[in-house]
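A short worksheet on the structure shown next.
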Amino acid sequence: MFDPKWVRENPQAFDEGLSRRKLPPLSKQFEQIDALRRARIRTLEIFLEKKNKASKEIGQARTTGNHSALEKLMSEVAEAKESIARLENEVKESEADLKEFLAGIPNIPADDVPIRDDETGNEEYRRHGERPSLNFTPKQHFDLGEALGLMDFEAAAKLSGARFVVLKGALARMERALSQLFLDTHTDPKHGYTEVNPPLIVRDEVMIGTAQLPKFSADQYRVETEDDQIRQAYENFELDRNAVLDFAEKRGIEAARAEKKEVLGFVYRPNPFRRWMIPTAEVPLTNLVREDIVDETKLPMRMTANTPCFRAEAGAAGKDTRGMLRQHQFTKVELVSITTPEQSKDEHERMLTCAEEVLKKLGLHYRVMTLCTGDMGFASQKTYDIEVWMPGQNTYREISSCSNCGEFQARRMNARYRNKQGKVAGHVHTLNGSGVAVGRALIAVMENYQEADGSIAVPDALLPYMGGLKKITKVG
RNA sequence: GGAGAGGUGGCUGAGCGGUUGAAAGCACCGCACUCGAAAUGCGGCAUACGGGAAACCGUAUCGUGGGUUCGAAUCCCACCCUCUCCGCCA
């Protein structure tokens with residue numbers, strides 16, 4: 001979310017930043033919305049001042065018993081109040097317009113982000129290790145897993161539909177082992193992240209804070225109790241009927257009918273009852289500082305969590321349908337840092353090396369990509385992806401994504417910090433990164449450590465967590 | 001789910017329908033005293049928005065949203081949240 005003041009004062013920088021995202025210039029539109037808003041505020045405040053003054057004088061006239069003045073003042077207030085009611089609505093409308101406008105605009109890329117159209121424009125930043133040389137044709141993880149009898153997509157479909165998986169036995173254990181290894185690595189003083197076990201179900205505002213909402217509601221799972229639904233239906237009925245009537249009055253019944261869909265709330269609208277399943281632990285971890293003023297001495301704050309993540313994967317129809325690469329539910333160890341504006345750049349590099357560390361421990365070959373402007377996420381100003389080598393697929397696959405969001409999310413959350421002088425010094429910077437995706441790490445291990453007979457060797461780093469098991473072989 | 005209590009500034013905590021943006025204390029900052037420090041004394045110290053080159057002025061904010069009133073932190077209603085007890089529950 002942008003600072004309106006900044007946009008007002010730097011329209012050209014704003015447009016230039018948007019153009020790097022392949023977006024049209026929006027400063028003109030901003031200027032319009034903002035100017036109207038400010039004009040409305042000004043007129044409203046003139047009337048408010050009038051009312052306040054008169055009210056105060058009424059108090060004085062009462063005590064002095066000046067009845068003629070009293071009556072004049074009363075009528076003055078009554079007059080002002082008429083305008084105030086109308087102007088208040090206008091200001092509210094303008095403020096909502098501005099907020100909606102700004103909430104839909106993505107973060108501006110950092111200066112050193114390559115300006116390209118799509119993922120083919122990403123640039124390699126560095127790489128580690130080499131592709132393993134196998135003297136047989138490597139299989140994909142789902143072939144391996146199904147042959148081992150430890151990965152069951154049919155059972156998962158029976159339970160939950162497509163894009164779910166059931167892991168069993170040594171593979172289930174290996175997933176847990178990976179989580180443990182990652183958490184142990186990041187909570188070690190060397191990395192210094194504090195382990196957190198956050199809620200997996202969160203409110204609207206929290207999803208807005210990290211920018212999953214309002215724009216990406218279709219990618220999220222929402223949860224409601226029956227009670228919630230009843231209350232919501234009731235509220236919607238009241239709200240929407242009024243909204244439709246209001247709309248019809250202003251622009252005619254025909255227009256109201258045509259735009260009924262929007263008016264009736266099929267578009268996103270904040271709702272106090274509804275909750276969302278987290279698509280990543282970034283959401284609860286980052287929002288831990290929402291509406292807070294953090295002491296600078298506590299920064300950087302580093303947090304890690306191992307959680308299931310839930311994604312509707314809307315718009316990914318037909319993409320990566322085989323195997324457990326793209327699931328509605330997966331496990332991920334997440335890293336989140338809260339920093340001062342000065343610290344965030346270094347912290348971003350540091351976070352990346354923390355994520356890389358676990359892949360090094362697993363002996364996996366990977367490359368780090370700097371995402372170009374066309375491939376970056378909505379809230380990010382700079383993102384590194386780590387892509388791990390998958391022999392079975394004969395390609396690199398994203399296993400981690402580390403983003404510096406600057407103050408973009410902090411503004412939405414109103415997360416600020418207090419400097420050493422005790423003054424509120426501004427918004428914090430927020431960073432998040434996978435450290436790393438556990439489900440994908442599992443399939444990377446499977447494909448990289450597979451043997452000719454379809455068994456899978458356990459990487460050294462996982463041995464302590466596997467209860468003595470050195471190799472995963474077919475059951476039964 | 002039932003019964004009750006409560007949500008006030010960075011924190012603690014007062015608050016009568018009318019100079020209350022809000023007492024007091026703590027914390028913090030400045031000054032004085034001191035060789036220095038502590039202690040003490042004096043002064044300062046909320047945020048956002050709007051206007052202004054600035055000094056400064058205006059407006060809003062006492063959980064949120066409505067309402068009553070000329071005027072609401074104070075009265076009324078709804079909701080959210082926290083706490084205590086009971087019930088249910090992994």
Side-chain angles (χ1 to χ4, degrees), chain A residues 1-9 31 33-85 87-99 102 197 199-206 208 225-228 230-239 242-243 269-275 287 289-298 410-428:
Chain A
M1 176 96 77
F2 286 94
D3 179 4
K5 229 182 243 165
W6 181 85
V7 180
R8 196 182 305 141
E9 282 158 17
E31 168 62 23
I33 298 169
D34 187 47
L36 178 63
R37 173 180 140 265
R38 287 194 287 163
R40 283 174 168 180
I41 287 173
R42 244 171 292 144
T43 15
L44 169 64
E45 289 188 350
I46 289 168
F47 284 98
L48 282 173
E49 189 180 354
K50 212 184 264 179
K51 188 191 89 173
N52 288 345
K53 274 214 178 101
S55 288
K56 216 168 250 179
E57 284 168 28
I58 285 171
Q60 289 162 359
R62 268 272 164 78
T63 52
T64 54
N66 186 340
H67 291 292
S68 63
L70 207 67
E71 223 148 274
K72 193 170 158 256
L73 287 165
M74 300 272 258
S75 69
E76 223 170 80
V77 171
E79 205 176 298
K81 276 175 88 174
E82 270 172 45
S83 308
I84 286 170
L87 289 161
E88 265 176 350
N89 281 333
E90 287 183 6
V91 167
K92 255 185 217 164
E93 199 178 295
S94 274
E95 237 131 47
D97 284 351
L98 184 69
K99 204 164 175 197
L102 290 175
N197 194 339
L200 307 178
I201 296 176
V202 298
R203 301 174 185 288
D204 271 34
E205 315 89 83
V206 171
I208 293 169
T225 62
E226 188 176 86
D227 217 36
D228 290 341
I230 292 167
R231 288 200 284 181
Q232 192 182 326
Y234 178 76
E235 291 246 323
N236 275 351
F237 175 74
E238 291 296 321
L239 281 169
N242 290 338
R269 179 196 297 148
N271 179 318
F273 308 128
R274 181 208 293 147
R275 311 275 149 109
N287 275 280
V289 294
R290 68 174 295 114
E291 272 145 60
D292 257 5
I293 304 173
V294 189
D295 274 334
E296 186 178 341
T297 52
K298 296 206 178 118
R411 270 190 184 286
R412 291 170 163 250
M413 299 188 301
N414 197 21
R416 292 165 297 170
Y417 71 102
R418 186 188 310 284
N419 65 18
K420 281 151 193 153
Q421 286 74 44
K423 281 271 165 226
V424 176
H427 292 89
V428 295

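Quick caveat: nothing in here was measured; it's all calculated off a predicted structure. The chains referred to below are lettered A, B, ... by the order of the sequence lines, with proteins before strands, and numbering in each begins at 1.
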| query | Separation of A/Lys56 atom NZ from B/rG58 atom P, in whole Å? | reply | 9 Å
| task | Give A/Lys92 one of three labels, base, sugar-phosphate or nothing, depending on what nucleic acid heavy atoms sit under 4.0 Å from its own. | result | sugar-phosphate
| So does A/Glu9 pair up with A/Lys5, basic N to acidic O under 4.0 Å? | no
| query | To the side chain of A/Arg203, which of B/rC70, B/rC80, B/rG50 is closest? | reply | B/rC80
| Given B/rG58, B/rC80, B/rG51, which nucleotide is nearest the side-chain atoms of A/Glu49? | B/rG58
| 4.5 Å side-chain heavy-atom contact, A/Leu44 and A/Glu88 | yes
| remark: Output field dot_bracket for RNA chain B (Watson-Crick or G-U, both distances under 3.5 Å, | for other-strand pairs) contains ((((((((.[[[..)..(.....]]].(((((.......))))).((((((....)))))).[[[[[..)....]]]]])))))))....
| task | Check whether any side-chain heavy atom of A/Ile208 sits under 4.5 Å from a side-chain heavy atom of A/Arg203, and report yes or no. | result | no
| Quick one: A/Ile293 CD1 to B/rA48 P, roughly how many Å, whole number? | 9 Å
| task | Using only side-chain N and O atoms of A/Lys50, determine if any of them is under 4.0 Å from OP1 or OP2 of B/rG58. | result | no
| Has A/Arg38 got a side-chain N or O lying under 4.0 Å from the OP1 or OP2 atom of B/rC49? | no
| remark: When rounded to whole Å, the CZ to C1' distance for the pair A/Arg37 and B/rG50 reads 8 Å
At a cut-off of 3.5 Å, list every protein nitrogen or oxygen paired with a nitrogen or oxygen from nucleotides 60-63 of chain B, distance to 0.1 Å.
residue: B/rA60; atom: OP1; partner: A/Asn52; partner atom: ND2; Å: 3.4
residue: B/rA60; atom: OP2; partner: A/Asn52; partner atom: ND2; Å: 3.4

| task | Quickly work out the A/Asn414 CG to B/rC49 P distance and round it to whole Å. | result | 10 Å
| Interatomic distance at C1', B/rC80 relative to B/rG66, whole Å | 14 Å
| query | Should A/Arg37 and A/Glu95 be marked as a salt bridge (charged side-chain N to carboxylate O under 4.0 Å, His left out) after you check the CA-CA gap, both sets of side-chain angles, and the distance that decides it? | reply | CA-CA 7 Å; A/Arg37 173 180 140 265; A/Glu95 237 131 47; 3.3 Å; yes
| C1' gap between B/rA90 and B/rA22, integer Å | 47 Å
| Of the nucleotides B/rC81, B/rG18, B/rC49, which one has an atom closest to the side chain of A/Ile41? | B/rC49
| query | What's the CD-P distance between A/Glu291 and B/rU47, to the nearest Å? | reply | 17 Å
| message | With heavy-atom distances below 4.5 Å as the criterion, would you say the side chains of A/Asp3 and A/Arg411 are in contact? | response | yes
| request: Write down the distance separating the P atoms in B/rG63 and B/rA73, rounded off to the nearest Å. | output: 10 Å
| query | Distance between the C1' atoms of B/rA32 and B/rC83, in whole angstroms? | reply | 46 Å
| said: What is the separation between atom OH on A/Tyr417 and atom P on B/rG10, rounded to the nearest whole Å? | reply: 17 Å
| Within less than 4.0 Å of OP1 or OP2 of B/rG51, is there a side-chain N or O belonging to A/Arg42? | yes
| Separation between the C1' atoms of B/rU19 and B/rG25, rounded to whole Å | 24 Å
| B/rG18 and B/rC33: how far apart are their C1' atoms, nearest whole angstrom? | 43 Å
| What integer distance in Å separates A/Phe47:CZ from B/rG51:P? | 18 Å
| query | When you compare B/rG9 with B/rA48, how far apart are their P atoms, in angstrom units rounded to a whole number? | reply | 15 Å
| remark: When rounded to whole Å, the CG to C1' distance for the pair A/Asp3 and B/rA48 reads 12 Å
| query | From A/Glu31 CD over to A/Asp34 CG, what is the distance, rounded to the nearest 0.5 angstrom? | reply | 6.5 Å
| What integer number of Å spans the C1' atoms of B/rU20 and B/rG15? | 9 Å
